[in-house]
Undergrad: 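Let me give you the structure first, and then I'll get to my questions.
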Amino acid sequence: MWPGFVGLSGRQWAGTFSVMRKGIAVAPGVAVGIAYCIHEIFVNPDSKRLEENEITAELAAYETARDKTAVDLRAMQAKVASQVGQDEAAIFAVHESILRDSNFTDKVRDWIVKDRLTTDVALHRLMDHYASLFSRTSDSFLKERLNDVRDVIIRVSGHLSDVLKSDSDALAGPLIVVADELLPSQVVALGDIDVHGIVTQAGSQTSHAAILARSRAIPAVSGVRGILRQVTTGDTIVVDGREGHVAINPDPESLAAYRKLEREFFDLKDQLAENRAQPAVSADKVPIELLANINTVADAIAAGAMGATGVGLFRTEYIYLTHRDVPDESEQLHIYRQAIDEAPGHAVTIRTLDIGGDKTVPYLGHKHQAAKPFLGWRSIRLSFEHPEFFTKQMRAVMRAAAHARIRGGEVKLMFPMVTTVEEIHRLRRMVRRASRQLQTEKLEFVIP
């Protein structure tokens, strides 16, 4: 029996309502902290009502944030159209039409004026309104449009921080982030916040949040249905990423037990770190090359700290997943060079874009999506569909490989989900084409 385990209905202990929930264990470890709901990070609802003399300024703040979002969307549409294609860029035109929709804007304005809500609270209410509206339809296509609405609201909310002062004191850690589903871009946005654990209503062991949480050694539990209805910001919460347990407002005895488990988990990590300088060998003394899988430059730094001898897989899709639009060649090159600089021995195997299945970006991955996406239009097939887009990544990798050689290291290039000999020949032709371009432009490169 786990400490403080209670049924879903909860029980009263020393004036505290204690609840235990079960989800999917996705990132190991135990963390104790203060709950912070994801909509309160990105929409930041505040219960205060506006005074009469504040309404005009609040409307102006909303209009400013909305106009900035429109500028962003048009810029992204132009960039994606030039680097990927007009069809793929159309998603941002759809998002701008949502932003300009009179129903969208009129509701926010009415709630500010008539109900005296702050803009962030009005946006939060708007999200709830659309979620309720879309929940009544069985049409899967229409249900997917809710994600488009959510994306637009998050973008507007992000610009509010430029015109509305947020309460940074509310983000004092250690925090347990509670969300419906945590997007990679949101994980990156939490980079400067003291996050000790993650709990999501949706998701799985292969979700974005799960992979990023594991790479950052943050205990995480997914698939805890309805957790946002039971948790509010400020609650004490425990995440047990070993067994998939989440404790809400545990009683003092249980809380003490969980804090002990948390300390033991950190002690175990420290013990493992102490062995990092020892050679990696099997029980029968066979040397083993210890390589790390990484998603970010920070992961490369951590790999070196834990005794890895190189990076065996750099998952480049997280550059795209966490980018607001299309990362261009220079941006990718900068990241690859940083990873090479930080990787042990400056040795990195870079995998080209592996999008599809459970990982998509707004401008790639929806068209031609198969009934079984893990076996269909994804990974290298998607890259073939967008050869110019794909070539930019290969150019960036080859230029980074020249940097690795200067540092005394090596870059290898990996292509995901290759299934036929013809695909190999096609890839070779594309690599040769990219190298000829670089040679013509007199740029330093190495073919991995």
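Below, all heavy atoms of this structure are taken into account, side chains as well, without hydrogens, waters or symmetry copies. Not measured: the values here are computed from a predicted model.
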Undergrad: Do the non-hydrogen side-chain atoms of Thr316 and Ile350 ever get within less than 4.5 Å of each other?
TA: yes
Undergrad: Which of these passes side chain to side chain contact (heavy atoms under 4.5 Å, CB included) with Leu123: Val152, Asp128, Ile153?
TA: Ile153
Undergrad: So that I know where these two stand, are Tyr320 and Phe389 an aromatic pair - ring centroids less than 6.0 Å apart?
TA: yes
Undergrad: Scan side-chain atoms only and decide if Asp148 and His95 contain a donor-acceptor pair under the 3.5 Å cut-off.
TA: yes
Undergrad: What verdict does the side-chain contact (heavy atoms from CB on, under 4.5 Å) test give for Val431 and Met398, after you've listed the backbone C-alpha separation in whole Å, the side-chain angles of each residue and the deciding distance to 0.1 Å?
TA: CA-CA 9 Å; Val431 169; Met398 287 191 280; 4.3 Å; yes
Undergrad: So does Gly223 get a backbone contact from the side chain of Gln201, meaning a donor-acceptor N/O pair under 3.5 Å?
TA: no
Undergrad: Hey, is NZ on Lys412 packed in by over 12 heavy atoms from elsewhere, all under 6.0 Å?
TA: no
Undergrad: Would you call Glu422 and Arg426 a salt bridge, using N to O less than 4.0 angstrom?
TA: no
Undergrad: Would you indicate whether Glu444, at its atom CD, is surrounded by more than 12 heavy atoms from other residues, nucleotides or ligands within a distance under 6.0 Å?
TA: no
Undergrad: Between Met394 and Phe415, does a side-chain contact (heavy atoms from CB on, under 4.5 Å) hold up when you go through it step by step?
TA: CA-CA 10 Å; Met394 287 193 292; Phe415 300 105; 4.0 Å; yes
Undergrad: Taking the side chain as everything from C-beta on, heavy atoms only, tell me whether Asp240 gets closer than 4.5 Å to Val221.
TA: no
Undergrad: Donor-acceptor pair, Asn295 side chain versus Arg315 backbone, under 3.5 Å?
TA: no
Undergrad: Judged by atom type as modelled, is there a donor-acceptor pair below 3.5 Å linking the side chain of Thr309 to the main-chain atoms of Leu290?
TA: yes
Undergrad: Taking side chain as C-beta onward, heavy atoms only, is Thr349 less than 4.5 Å from Phe314?
TA: no
Undergrad: Show your working on side-chain contact (heavy atoms from CB on, under 4.5 Å) between Lys392 and Asp328 and close with a plain yes or no.
TA: CA-CA 7 Å; Lys392 289 183 187 299; Asp328 58 32; 5.9 Å; no
Undergrad: Looking at Asp72 and Arg155, is there a salt bridge between them, counting it only when a charged N and a carboxylate O are closer than 4.0 Å?
TA: no
Undergrad: Say whether Glu331 and Tyr336, considering side chains only, have a donor N or O and an acceptor N or O under 3.5 Å apart.
TA: no
Undergrad: When you check the gap from the basic side-chain N to the acidic O, do Lys22 and Glu243 get nearer than 4.0 Å?
TA: no
Undergrad: Considering residues, nucleotides and ligands other than Glu441, do more than 12 of their heavy atoms fall under 6.0 Å from its CD?
TA: yes
Undergrad: Distance under 6.0 Å and angle within 45° of the ring axis: does Arg74 meet both against Phe92?
TA: no
Undergrad: Quick check on Arg125: does its CZ atom have over 12 non-hydrogen neighbours (other residues, nucleotides or ligands) under 6.0 Å away?
TA: yes
Undergrad: Do Tyr258 and Glu262 get their side chains close enough for a donor-acceptor pair, meaning under 3.5 Å?
TA: no
Undergrad: Should Arg407 and Asp341 count as side-chain neighbours, where that means a heavy-atom distance under 4.5 Å?
TA: yes
Undergrad: Under 4.0 Å between a Lys/Arg side-chain N and an Asp/Glu carboxylate O for Glu329 and Arg395?
TA: yes
Undergrad: Between Arg428 and Glu423, does any side-chain N to carboxylate O distance fall below 4.0 Å?
TA: no
